[in-house]
Amino acid sequence: EAQVTQNPRYLITVTGKKLTVTCSQNMNHEYMSWYRQDPGLGLRQIYYSMNVEVTDKGDVPEGYKVSRKEKRNFPLILESPSPNQTSLYFCASRSDRGIFPEAFFGQGTRLTVV
Amino acid sequence: QKEVEQDPGPLSVPEGAIVSLNCTYSNSAFQYFMWYRQYSRKGPELLMYTYSSGNKEDGRFTAQVDKSSKYISLFIRDSQPSDSATYLCAMSEVRDDKIIFGKGTRLHILP
């Protein structure tokens with residue numbers, strides 16, 4: 001089954017404690033991205049990657065890091081989480097082939113930073 | 001002016017009604033127009049897409065794009081309680097470009 005898998009689904013952590021949210025896709029997609037979704041603000045792109053070893057900032061990159069060492073994986077790293085990073089996070093992937101840019105989303109990670 | 005504007009709702013309609021969801025946009029270069037549906041505690045899923053102007057129909061769903069007015073719509077006929085979700089419009093300029101999402105409209109279909 002084609003899917004984007006995020007882990008963990010839920011995470012409560014304390015301010016300053018480094019954490020990583022993993023994302024993996026099994027569709028051999030080139031393009032992967034991370035979004036955060038907040039009430040009243042919608043989906044905002046954090047970082048994206050066009051392919052292995054190619055990453056770039058989205059609209060709200062401050063406080064986040066990413067890496068793309070393998071095509072299927074795109075982890076999101078919070079080196080020193082703060083309460084304003086409490087949010088619902090989504091990883092998405094899409095192919096750079098085909099006629100339409102359909103994005104496939106993971107199930108989401110609800111992060112609470114206290 | 002934000003690139004994509006979408007009324008957040010919530011919109012509550014009785015079962016069987018026709019639902020109209022809309023977005024306006026400011027960037028005339030957008031060519032790919034999409035509607036994503038997001039159920040509670042799930043990730044968004046692509047529902048329909050269109051390229052450039054015109055209509056597209058898929059079962060009970062119809063997507064319309066009016067590029068002259070910079071306005072897109074999603075119509076749901078014979079609405080069902082299972083249609084209750086948040087609907088996000090989305091757009092991009094070219095196929096490999098960043099997708100810009102609206103903030104989503106929460107829809108409740110009342111049995």
Side-chain angles (χ1 to χ4, degrees), chain A residues 1-10 21 23-25 27 29-51 54-61 87-110, chain B residues 1-10 21-27 29-52 54 56 58 63 65 72 85-107:
Chain A
E1 180 190 354
Q3 59 185 5
V4 178
T5 304
Q6 294 178 228
N7 280 297
R9 292 288 311 278
Y10 301 92
V21 184
C23 174
S24 181
Q25 51 95 2
M27 295 167 278
H29 285 169
E30 293 75 21
Y31 189 102
M32 298 185 73
S33 55
W34 276 102
Y35 295 86
R36 60 179 289 174
Q37 188 175 39
D38 301 288
L41 297 176
L43 277 168
R44 293 181 292 168
Q45 192 179 56
I46 303 170
Y47 267 94
Y48 65 95
S49 168
M50 301 290 280
N51 215 321
V54 180
T55 62
D56 209 345
K57 296 177 181 178
D59 298 316
V60 288
S87 186
L88 180 58
Y89 291 86
F90 288 103
C91 179
S93 74
R94 71 177 202 238
S95 173
D96 66 358
R97 285 180 275 276
I99 62 171
F100 204 84
E102 178 180 0
F104 292 82
F105 285 82
Q107 294 281 65
T109 296
R110 184 165 293 282
Chain B
Q1 183 183 11
K2 291 184 171 51
E3 273 197 292
V4 179
E5 301 268 13
Q6 185 175 12
D7 188 326
L21 304 169
N22 311 293
C23 288
T24 59
Y25 62 95
S26 58
N27 184 355
F30 284 142
Q31 296 192 80
Y32 293 88
F33 302 93
M34 296 151 272
W35 286 95
Y36 282 78
R37 180 174 60 194
Q38 184 177 16
Y39 289 115
S40 181
R41 299 189 183 88
K42 300 284 189 183
E45 294 177 302
L46 183 66
L47 181 62
M48 293 191 70
Y49 65 87
T50 55
Y51 173 74
S52 195
K56 186 172 183 179
D58 184 2
V65 175
I72 71 169
T86 296
Y87 290 80
L88 300 98
C89 62
M91 309 171 192
S92 67
E93 292 185 19
V94 296
R95 199 225 170 278
D96 294 332
D97 200 14
K98 176 179 172 180
I99 299 175
I100 308 297
F101 287 89
K103 293 181 181 178
T105 299
R106 286 176 55 200
L107 174 66

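Remember, it's a predicted structure, so these values are computed and weren't measured experimentally.
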At a 4.5 Å cut-off on heavy atoms, which part of [X] comes close to chain B: side chain, backbone, both, or neither?
| X | value |
| --- | --- |
| A:Y35 | side chain |
| A:Q45 | side chain |
| A:E30 | neither |
| A:R44 | neither |

State, yes or no, whether a side-chain contact exists between B:I99 and A:S33 at a heavy-atom distance under 4.5 Å.
no
Would you say the side chain of B:F101 lies within less than 4.5 Å of the side chain of A:Q37, judging by non-hydrogen atoms?
no
Nearest non-hydrogen partners of B:R41 and A:Y10, listed with the distance:
CD-OH, 4.1 Å
Would you name the heavy atoms of A:F90 and B:Q38 that are closest together and state the gap between them?
CZ-NE2, 3.3 Å
Is there a donor-acceptor pair closer than 3.5 Å between any side-chain N or O of B:Y36 and the backbone N or O of A:A103?
yes
Answer yes or no: does atom NZ of B:K42 have more than 12 heavy-atom neighbours from other residues, nucleotides or ligands under 6.0 Å?
no
Can you tell me if CD on B:E45 sees more than 12 non-hydrogen neighbours from other groups inside 6.0 Å?
no
In chain order, what residues pass the side-chain contact (heavy atoms from CB on, under 4.5 Å) check against B:P10, with sequence neighbours excluded?
B:R106, B:H108
Could you work out, with ring-ring contact (aromatic ring centres under 6.0 Å, His included) as the rule, every residue matching A:Y47, not counting sequence neighbours?
none
Ranked by heavy-atom pairs below 4.5 Å to chain B, first place among A:G40, A:G106, A:P39, A:G108 goes to A:G40
Identify which part of B:L88 has an atom lying under 4.5 Å from any heavy atom of chain A, answering side chain, backbone, both or neither.
side chain
Contact class of B:P44 relative to chain A, heavy atoms under 4.5 angstrom
both
